[in-house]
S.K.: 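Okay, handing you the structure first.
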Amino acid sequence: MIHNKYWQAFFALSPIIILFIMMLAYFIFIFSILNNIPELEQAHDKPPELILEWIGSFMIVIFLVVLLSISSLVFFIVHAVQNPNLKQGHMLLLWILLFIFVSGLGQLIYWLVEIVSKRSENPQLE
C-alpha cells in the first residue's frame, strides 16, 4: 500500500482538496445566514434545531477531515522512513519536520518531489 501510486496520490491531494471544499462550504453557509438575517430575526418562535443540525453535521465532517489528515501524515512519514534516497544526510528529519509543521502542503511537496519525479526518472517504480 505504501508504494501504490493511487494511495500516494490520494493521501497527497485529498487533505488540500477537502480543505478548499470545507472553506467554500463555510463561506456559503455564512453568506446564506447573512442574506437571511431579517427572516431569522422574525422566526424567533421556532426552535433552533436547523442551526444545531448544521453544526452537528459540520462537526462530523471536521472529524473526518482531521482523521484523513492524520492518516495522511502517518502514511507519508512511514513512506519517508522507508525511502532509501533519504538515508544519507538529514533529509529524512527535514521531511518529517516539514510534514508536521506544514501538514497537507508538506505531503503534497514530498509527493511531487520525492515520488512523482523519481517515478518518471525510474519507470520500474510504477
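Below, all heavy atoms of this structure are taken into account, side chains as well, without hydrogens, waters or symmetry copies.
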S.K.: What are the two closest non-hydrogen atoms of A12 and Q107, and how far apart are they?
M.R.: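 Closest approach of A12 to Q107: CB-O, 4.2 Å.
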S.K.: Going only through I, L, V, M, F, W and Y residues with side-chain contacts under 4.5 Å, is there a path from L64 to W7?
M.R.: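 No, separate clusters.
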S.K.: Do the side chains of F10 and L68 get nearer than 4.5 Å, heavy atoms only?
M.R.: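 A side-chain contact exists here, since the closest heavy-atom pair is under 4.5 Å.
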S.K.: Going from CH2 on W111 to OG on S117, what distance comes out if it is rounded to the nearest 0.5 angstrom?
M.R.: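 Reported value, rounded in 0.5 Å steps: 11.0 Å.
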S.K.: For Y26, give me all partners under ring pair (Phe, Tyr, Trp, His ring centres under 6.0 Å), at least two apart in sequence or on another chain.
M.R.: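 Ring pair (Phe, Tyr, Trp, His ring centres under 6.0 Å) check on Y26 returns nothing, list empty.
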S.K.: Please identify each residue that fulfils ring pair (Phe, Tyr, Trp, His ring centres under 6.0 Å) with Y110, with sequence neighbours left out.
M.R.: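 Y110 satisfies ring pair (Phe, Tyr, Trp, His ring centres under 6.0 Å) with F76, H79, W95, F99 once adjacent residues are dropped.
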S.K.: L92 and side chain to side chain contact (heavy atoms under 4.5 Å, CB included): which single residue from L97, L86, N83, I77 fits?
M.R.: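 Of the listed residues L97, L86, N83, I77, the side chain to side chain contact (heavy atoms under 4.5 Å, CB included) partner of L92 is L86.
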S.K.: Starting from L24, can I reach L34 by hopping between I/L/V/M/F/W/Y residues whose side chains sit under 4.5 Å apart?
M.R.: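 No; L24 is not reachable from L34 via cluster members.
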S.K.: Could you go step by step and tell me if Q8 and F75 meet the side-chain contact (heavy atoms from CB on, under 4.5 Å) rule?
M.R.: CA-CA 8 Å; Q8 293 168 349; F75 180 85; 3.9 Å; yes
S.K.: Verify the cluster assignment for F20 and I62: are they in a single hydrophobic cluster under the rule of side-chain heavy atoms below 4.5 Å apart?
M.R.: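 Yes; I62 is reachable from F20 via cluster members.
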S.K.: Donor-acceptor check, side chain of K87 to backbone of V81, threshold 3.5 angstrom: yes or no?
M.R.: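 A pair under 3.5 Å: yes.
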S.K.: Taking only residues two or more places apart in sequence or in another chain, which ones pass side chain to side chain contact (heavy atoms under 4.5 Å, CB included) with V65?
M.R.: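 Side chain to side chain contact (heavy atoms under 4.5 Å, CB included) list for V65, sorted by chain: I18, M22, V61, S69.
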S.K.: If you round to the nearest 0.5 Å, how far is OG of S14 from CD1 of I21?
M.R.: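 The distance works out to 10.0 Å.
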S.K.: Restricting to non-hydrogen atoms, name the atom on N85 and the atom on E114 that form the minimum distance, rounded to 0.1 Å.
M.R.: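 Heavy-atom minimum between the residues: CB-OE1, 4.3 Å.
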S.K.: Give, for atom CG of L67 and atom OG of S72, the distance between the pair rounded to the nearest 0.5 Å.
M.R.: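 So the CG of L67 and the OG of S72 are separated by 11.5 Å.
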S.K.: So which heavy atom on I16 is nearest to which on L108, and how close?
M.R.: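 Heavy atoms of I16 and L108 come nearest at CD1-CD2, 3.6 Å.
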